[in-house]
Engineer: 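There's a structure below that I have some questions on.
Note: hydrogens, waters and symmetry copies are ignored here, and every other heavy atom, side chains too, is used.
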Amino acid sequence: MFSLSILLLIVSIYSCYTILNERPFSEDIISSSSEIAISSEGLLQDFLEDEQEANATYVEKIIEVEGKVKEVTFLNDRYTVLLHSGTNMAYVMCDMRTEQAALVKELKEGDVVRLKGIFKGFLMDAIMLNCVLL
């Protein structure tokens with residue numbers, strides 16, 4: 001019983017540390033400065049060339065990405081903007097903030113946009129959350 005209590009205490013401390021040191025999802029992206037500005041093609045190219053270095057450069061940072069709209073989707077009350085990356089294998093996927101809905105509705109395929117958000121990682125696509133149009 002004592003070892004279970006210690007294990008639960010360690011897990012609780014680790015969870016609190018992780019939560020407190022992670023960027024808050026609700027961070028005010030609009031007033032925050034971008035740490036990096038890059039094109040959607042350049043972002044994907046960095047990951048294709050050296051994924052480990054690109055992760056160290058971009059993950060959990062506020063970045064601006066400029067690119068051409070491939071598609072705008074609406075699912076589960078959230079808009080997502082897909083940006084072309086110079087390849088048909090991967091895209092930059094930008095999950096938009098809900099207050100951006102009116103602006104996002106106006107976007108059309110082929111529009112060139114600049115978005116700012118928190119870069120979360122690269123799976124089959126580059127993932128950005130909490131995005132706003134600039």
Side-chain angles (χ1 to χ4, degrees):
M1 187 65 161
F2 179 72
S3 47
L4 180 60
S5 297
I6 290 178
L7 179 62
L8 287 174
L9 178 64
I10 291 171
V11 169
S12 297
I13 290 170
Y14 176 76
S15 298
C16 289
Y17 174 80
T18 302
I19 289 169
L20 292 174
N21 286 311
E22 191 172 312
R23 261 185 211 267
F25 186 73
S26 62
E27 183 172 354
D28 188 6
I29 296 296
I30 295 170
S31 65
S32 296
S33 298
S34 300
E35 298 170 62
I36 299 168
I38 191 166
S39 69
S40 56
E41 293 91 357
L43 179 64
L44 266 291
Q45 188 61 41
D46 285 353
F47 275 92
L48 295 175
E49 287 175 5
D50 188 341
E51 188 170 349
Q52 226 174 1
E53 184 178 325
N55 276 324
T57 302
Y58 299 108
V59 172
E60 292 299 327
K61 294 188 177 141
I62 296 174
I63 68 169
E64 283 183 35
V65 176
E66 184 171 320
K68 192 181 290 188
V69 174
K70 179 201 182 311
E71 181 180 0
V72 176
T73 61
F74 183 74
L75 182 65
N76 297 327
D77 295 326
R78 307 262 329 162
Y79 278 98
T80 301
V81 177
L82 284 179
L83 301 178
H84 284 281
S85 65
T87 175
N88 288 329
M89 296 173 53
Y91 301 95
V92 177
M93 183 182 299
C94 305
D95 182 62
M96 304 301 294
R97 291 176 58 126
T98 54
E99 69 269 10
Q100 295 282 299
L103 296 169
V104 174
K105 284 180 190 178
E106 302 298 317
L107 294 178
K108 296 172 189 64
E109 183 178 339
D111 287 350
V112 175
V113 295
R114 214 169 84 229
L115 301 167
K116 181 167 56 168
I118 299 173
F119 188 83
K120 296 306 275 186
F122 180 80
L123 298 171
M124 295 187 74
D125 297 306
I127 311 293
M128 293 179 62
L129 300 179
N130 212 14
C131 295
V132 296
L133 284 160
L134 299 175

Engineer: Which heavy-atom pair separates Arg97 from Ile29 by the least distance, and what is that distance?
Structural biologist: NH1-N, 3.9 Å

Engineer: Quick one: closest heavy-atom pair of Gly67 and Ser40, and the distance?
Structural biologist: CA-OG, 3.5 Å

Engineer: How about Thr73 and Leu82: do any of their side-chain heavy atoms sit closer than 4.5 Å?
Structural biologist: no

Engineer: Among Ile63, Leu83, Ile118, which one satisfies side-chain contact (heavy atoms from CB on, under 4.5 Å) with Met128?
Structural biologist: Ile63

Engineer: Can you tell me how far SG of Cys131 sits from OH of Tyr79, rounded to the nearest 0.5 angstrom?
Structural biologist: 15.5 Å

Engineer: Just how far is it from atom CG of Leu48 to atom OG of Ser85, taken to the nearest 0.5 Å?
Structural biologist: 7.5 Å

Engineer: Does a side-chain N-to-carboxylate-O contact under 4.0 Å join Lys120 and Glu60?
Structural biologist: yes

Engineer: Are any of the side-chain nitrogens in Glu64 or Arg114 under 4.0 Å away from the carboxylate oxygens of its partner?
Structural biologist: yes

Engineer: Using a 3.5 Å distance criterion without hydrogens, assess whether the side chain of Arg78 forms a donor-acceptor pair with backbone atoms of Met96.
Structural biologist: yes

Engineer: Just how far is it from atom CG of Leu129 to atom CG of Asp95, taken to the nearest 0.5 Å?
Structural biologist: 5.5 Å

Engineer: Group every Ile, Leu, Val, Met, Phe, Trp and Tyr by side-chain heavy-atom contacts under 4.5 Å, then state whether Leu103 and Leu134 land in the same group.
Structural biologist: no

Engineer: Any side-chain to backbone donor/acceptor pair from Ser34 onto Ile36? Under 3.5 Å, distance only.
Structural biologist: no

Engineer: Hey, which of Leu44, Val59, Leu43, Ile127 is the one that makes side-chain contact (heavy atoms from CB on, under 4.5 Å) with Phe122?
Structural biologist: Leu44

Engineer: Check whether any side-chain heavy atom of Val104 lies under 4.5 Å from a side-chain heavy atom of Val72, and answer yes or no.
Structural biologist: yes

Engineer: With a 3.5 Å distance limit and no angle check, can you tell me whether Lys61 reaches the backbone of Ala56 through a side-chain donor-acceptor pair?
Structural biologist: yes

Engineer: Which heavy atom in Gln100 sits nearest to a heavy atom in Leu133, and how many Å separate them?
Structural biologist: OE1-N, 2.8 Å

Engineer: Between Phe119 and Phe47 (judged by ring centroids, cut-off 6.0 Å), do the two rings come close enough to count as a pair?
Structural biologist: yes

Engineer: Evaluate the criterion side chain to side chain contact (heavy atoms under 4.5 Å, CB included) for residue pair Val69 and Lys108; output intermediate values, then yes/no.
Structural biologist: CA-CA 7 Å; Val69 174; Lys108 296 172 189 64; over 6 Å; no

Engineer: Not counting sequence neighbours, which residues clear side-chain contact (heavy atoms from CB on, under 4.5 Å) with Lys68? List them please.
Structural biologist: His84

Engineer: Is there a continuous path of hydrophobic side-chain contacts, each under 4.5 Å between heavy atoms, that joins Leu115 to Ile38?
Structural biologist: yes

Engineer: Applying side chain to side chain donor-acceptor pair (under 3.5 Å), which residue pairs with at least one partner in residues 49-58 are found, sequence neighbours left out?
Structural biologist: Gln45-Glu49, Asp46-Tyr58

Engineer: Are Val132 and Val65 linked, directly or through other ILVMFWY residues, by side chains that come within less than 4.5 angstrom of each other?
Structural biologist: no

Engineer: For Glu41, give me all partners under side-chain contact (heavy atoms from CB on, under 4.5 Å), at least two apart in sequence or on another chain.
Structural biologist: Ser39

Engineer: For the atom pair NZ (Lys105) and CZ (Phe74), what is the distance rounded to the nearest 0.5 Å?
Structural biologist: 7.5 Å

